[in-house]
Novice: 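Dropping the structure in here first, questions after.
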Amino acid sequence: MATLPEEFRFGNFLASIIWIVLIIVVILTLVVLPLIFVVLFYLPLPPVNGEVLTPYLFLSMIVDPSRTLPIIKFYIHQTPFRVIVFPGFVFAAIVAAATIFVERKFLAKMQLRVGPLYAGVWGVGEGILQLAADGLKVISKEIVVPSGADRPIFWATPVAYVATAAAVVSLIPTAPGWVASNTSVGLIAVFAILGFFPLIALLFSWASNSKYPFIGGLRALHQMIAFEIPFILSALSVVILAGSLNLTQIAQTQHAFWFIIFLPVSAFVFFISSLAELERVPFDLPEAESEIVAGWLTETSGMIYGLIQLGSYLKVYALAALFVILFLGGWHGPQIFPPQLGPTNAPTIEKMVTLQGFYNGETVNAVFWFLVKTVIVIMLMLLPRGISPRIRIDILLHTGWYKLIVLAFVNMFVALALIYAGVLGPGGSISIH
Amino acid sequence: MPDLEDRIKESQRMGIQITKESEDDRLMTLSVGPQHPGSGHFRFVVKLDGDYIVHCDPDPGYVHRGEEKMCEYRNFIQNIPHLERPVIHDSTNITYSYSLAVEELTGIQVPRRGQFIRAIASELNRQIYTLYWLAIYGIFLGHSTMFMWPTGDRELFIDLMEALTGARVTHAFNIPGGVRNDIPNGFKDRCLRQISYYEKRLKEYEDIFYNNPLVRQRTEGVGILTKEDAIGLGVTGSVLRASGVPYDIRKAEPYDIYNEIDFKVQYMQTGDSFARAYVPFLDMRESCHIVRQLLDKMPESGEVRAKLQANPRGPPGEAYRRVESGRGALGYYIISDGSPKPYRVKISVGSFRNMLALPHLLVGAKMGDMPVIYWALNYWPVEADR
């Protein structure tokens with residue numbers, strides 16, 4: 001019985017759990033409930049069924065589901081919910097965490113790795129403990145700031161990295177109308193924000209006051225600038241076909257044909273450039289460990305590393321989603337969810353259970369197809385890590401500046417030819433508008 | 001360290017203008033190792049001009065253990081366990097030439113069956129070493145699958161060696177006079193099964209790594225060592241054979257029963273990093289044939305170990321014997337003064353000789369080629385320091 005402490009008593013164990021529950025209840029009643037009241041006092045509540053809600057009335061409604069659902073519905077359509085929960089940061093962070101998990105399982109299957117494949121507790125969750133252990137490790141480790149580092153910049157850049165990645169995520173629509181920021185220049189905004197990443201990498205590497213991070217930062221700068229141009233050019237051909245810069249409208253124009261049918265070369269160039277933008281294998285030169293230790297991440301430790309990893313996986317989600325919106329028809333797919341659950345004249349409690357008035361078949365369908373396509377693209381982005389080595393910086397720059405730019409131009413002219421020949425575009429023989 | 005004139009000449013060869021005044025401002029000195037994922041217990045100081053390496057200064061010695069001096073305080077048998085420490089993953093080969101030298105000094109004759117078992121253990125251990133080396137070469141190129149696969153398959157050979165010798169990594173199997181124990185029951189079948197599985201795996205290695213266009217792009221034409229330079233610098237083993245010199249100690253000075261074995265010396269003509277990475281792979285494939293032949297020709301029964309006196313000793317004299325290890329020629333020069341302890345032991349290892357080619361190859365190379373060139377030299381820092 002080496003795993004149990006010697007004085008282990010089951011009674012003591014139960015008593016400690018009861019104590020914890022008691023403390024939680026006391027804190028809930030003495031601290032949390034008053035706080036909720038204070039917040040509700042200043043928060044404007046929506047009028048429900050013609051009556052204006054007071055905080056006390058609101059609390060009484062929590063127990064009445066038929067009156068609670070409209071309130072939740074009201075909050076869901078507010079901007080803060082979209083920015084914070086869905087389709088904003090929390091949703092993207094969950095996708096990012098799932099990506100890390102899937103990546104490890106995927107690579108474990110491919111490379112005979114044992115830990116991520118078997119270390120787990122439930123039948124389906126093998127490998128989940130590795131993820132949990134890594135997460136805990138990153139959170140609990142000490143953050144070491146190198147001597148001579150530029151402290152304000154050193155602390156600020158990881159946060160800036162996550163914030164910038166989240167800013168990209170906020171521009172990505174997941175379903176018609178479900179986007180945190182629906183601007184008419186969505187695509188340009190995405191590229192404008194992505195342009196900050198090399199700057200952040202360079203700032204961090206400079207602030208680290210070390211040689212290897214500095215080389216890594218310079219590499220990141222070279223790489224991202226070299227691939228930015230084919231990246232934008234390949235997206236430009238989509239804009240020519242769609243006639244809009246708004247991401248929602250670009251996705252809507254593909255209800256009949258996905259743009260990958262007309263623009264396969266652009267899709268290829270976009271995919272390769274986004275791999276380079278994400279610093280993933282085979283373009284992980286800024287983090288090449290056998291050459292420059294860990295590149296611009298050499299001096300990161302603890303949660304600083306964790307934040308940068310979170311940011312880069314948010315970026316993976318954002319760019320995969322962008323690929324889906326630009327080339328794979330966004331959320332369009334066969335309608336497989338029913339328009340509503342349960343009969344219309346069902347009793348209140350059944351309406352509540354089937355989420356009537358809350359559930360929207362089209363939105364759920366759109367989100368489902370969007371997620372399926374995004375996951376497939378993310379898997380394709382993870383695949384090179386198992387089969388490919390890292391390429392050298394001069395080959396990388398050559399690929400970016402010579403080959404991909406030419407390829408991107410090729411398909412742009414194809415797109416223009418399709419428009420001017422009257423095949424596509426307004427009044428074309430194949431209407432996509 | 002080459003002087004400034006040489007460096008200026010070197011840079012002109014690469015098409016970069018360096019003047020005496022600007023030279024110091026331009027260059028960045030980078031200390032690669034000993035705490036660097038791409039160095040091992042080793043350091044080389046490189047000077048970079050942009051992405052080009054203009055100067056390289058290897059600095060070994062971080063794991064010097066004084067093996068040669070330690071030998072002088074122990075008798076011939078006691079020396080075996082500590083002598084395999086420098087290359088624990090090639091421990092049979094590093095004790096092989098020691099045993100040969102001691103046998104020559106003391107005049108011991110190894111029984112025929114013992115010679116076969118020695119050769120089998122040596123070949124299996126060469127596989128273990130080369131798989132380890134290949135795994136690290138894979139991760140140096142950023143190819144993580146090539147890191148995991150050889151590491152996993154190496155485990156099977158380790159199990160085989162455990163069945164043979166009783167230890168997983170440091171076997172202490174070769175001793176003067178033969179091997180420590182006979183092969184266990186069923187070892188032959190197990191070994192043959194393992195070899196045929198492993199040959200299938202080698203095909204997969206070739207597909208995912210050596211035939212990968214990106215691997216070829218990174219290694220081909222990188223760090224070319226010409227035949228003349230290879231001979232002049234005195235490199236050995238796979239590095240020498242990759243430069244077009246078909247020299248293998250097993251063929252050139254056959255020891256034990258290697259003159260009865262039919263095998264080809266694997267070599268390539270190009271002398272670049274790809275050839276240096278590919279020759280050990282070809283060696284692994286050839287080694288499978290050798291093991292098959294050895295198992296086939298081995299006498300069914302007999303002694304595996306000659307009877308020794310309590311403290312083996314020979315007349316005063318000297319002996320130099322070498323074997324082909326995973327990293328090339330591995331020789332022992334032993335002087336005996338007639339006592340049970342050696343008077344002087346000198347270990348000549350392949351790693352140290354291959355390291356001498358490093359500055360020659362790195363100068364003029366790009367920084368991204370650094371791990372590709374370095375690890376293809378088949379250099380094991382711990383062995384070089386001894």
Novice: Would you compute the distance between atom CD1 of A:Ile215 and atom CE of B:Met28 and round it to the nearest 0.5 angstrom?
Specialist: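 Reported to 0.5 Å precision, the distance equals 4.5 Å.
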Novice: When you look at CZ of A:Phe271, are more than 12 heavy atoms from neighbouring residues, nucleotides or ligands closer to it than 6.0 Å?
Specialist: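 Yes.
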Novice: Is B:Arg218 reaching over with its side chain to a backbone N or O of A:Arg390, donor-acceptor style, under 3.5 angstrom?
Specialist: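 Side chain of B:Arg218 to backbone of A:Arg390: a pair is present.
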Novice: Heavy-atom cut-off 4.5 Å, strictly under: side chain, backbone, both or neither for B:Val32 against chain A?
Specialist: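 For B:Val32, the contact with chain A is made by backbone and side chain together.
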Novice: If you count heavy-atom pairs within less than 4.5 Å of chain B, which of A:Val281, A:Val293, A:Leu218 leads?
Specialist: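 It is A:Val293.
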Novice: In this structure, are over 12 heavy atoms from other groups packed under 6.0 Å from B:His41 atom NE2?
Specialist: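 No, not enclosed.
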Novice: So with a 6.0 Å cut-off around CZ of A:Phe268, is the heavy-atom count from everything else above 12?
Specialist: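 Check fails, neighbour count at 12 or below.
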Novice: How long is the span from the CD1 atom in A:Ile395 to the CD atom in B:Gln217, to the nearest 0.5 Å?
Specialist: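 Here the rounded value is 3.5 Å.
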Novice: Name each donor-acceptor pair under 3.5 Å that joins a side chain in residues 374-389 of chain A to protein atoms two or more places apart or in another chain, with its distance.
Specialist:
unit_1, atom_1, unit_2, atom_2, d
A:Thr374, OG1, A:Phe370, O, 2.6
A:Arg385, NH1, A:Glu103, OE2, 2.8

Novice: Just verifying a value: how many Å separate A:Met110 CE and B:Thr145 OG1, rounded to the nearest 0.5 Å?
Specialist: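 Rounded to the nearest 0.5 Å, the CE-OG1 separation comes to 6.0 Å.
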Novice: Near B:Arg168 CZ, under 6.0 Å, is it more than 12 heavy atoms from other residues, nucleotides or ligands?
Specialist: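 Yes, enclosed.
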Novice: So for B:Val222, is it side chain, backbone, both, or neither that comes closer than 4.5 Å to the heavy atoms of chain A?
Specialist: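 The side chain, not the backbone.
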Novice: Quick one: which of B:Leu48, B:Thr151, B:Asn212 has the most heavy-atom pairs under 4.5 Å with chain A, could you say?
Specialist: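 Heavy-atom pairs under 4.5 Å are most numerous for B:Asn212.
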Novice: Is it the case that more than 12 heavy atoms not belonging to B:Tyr210 sit under 6.0 Å from its OH atom?
Specialist: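 Result for OH/B:Tyr210: enclosed.
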Novice: Are B:Met367 and A:Ile292 side-chain neighbours, meaning at least one heavy-atom pair lies under 4.5 Å?
Specialist: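 Side chain of B:Met367 against side chain of A:Ile292, heavy atoms only: contact under 4.5 Å found.
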Novice: Counting only heavy atoms from other residues, nucleotides and ligands, does the tally under 6.0 Å from NE2 of A:His222 exceed 12?
Specialist: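 No, because the 6.0 Å sphere around NE2 of A:His222 holds 12 heavy atoms or fewer from other groups.
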Novice: Is there a side-chain contact between B:Val372 and A:Arg392 in this structure, where contact means two heavy atoms from C-beta onward sitting under 4.5 Å apart?
Specialist: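 Answer no - side chains too far apart.
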Novice: List for me each residue that meets ring-ring contact (aromatic ring centres under 6.0 Å, His included) alongside B:Phe352, sequence neighbours excluded, and say none if there are none.
Specialist: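 With sequence neighbours excluded, B:Phe352 shows a ring-ring contact (aromatic ring centres under 6.0 Å, His included) to no residue whatsoever.
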Novice: So which part of A:Asp394 gets closer than 4.5 Å to some heavy atom of chain B, the side chain, the backbone, both or neither?
Specialist: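 Answer is side chain: those atoms of A:Asp394 sit under 4.5 Å from chain B.
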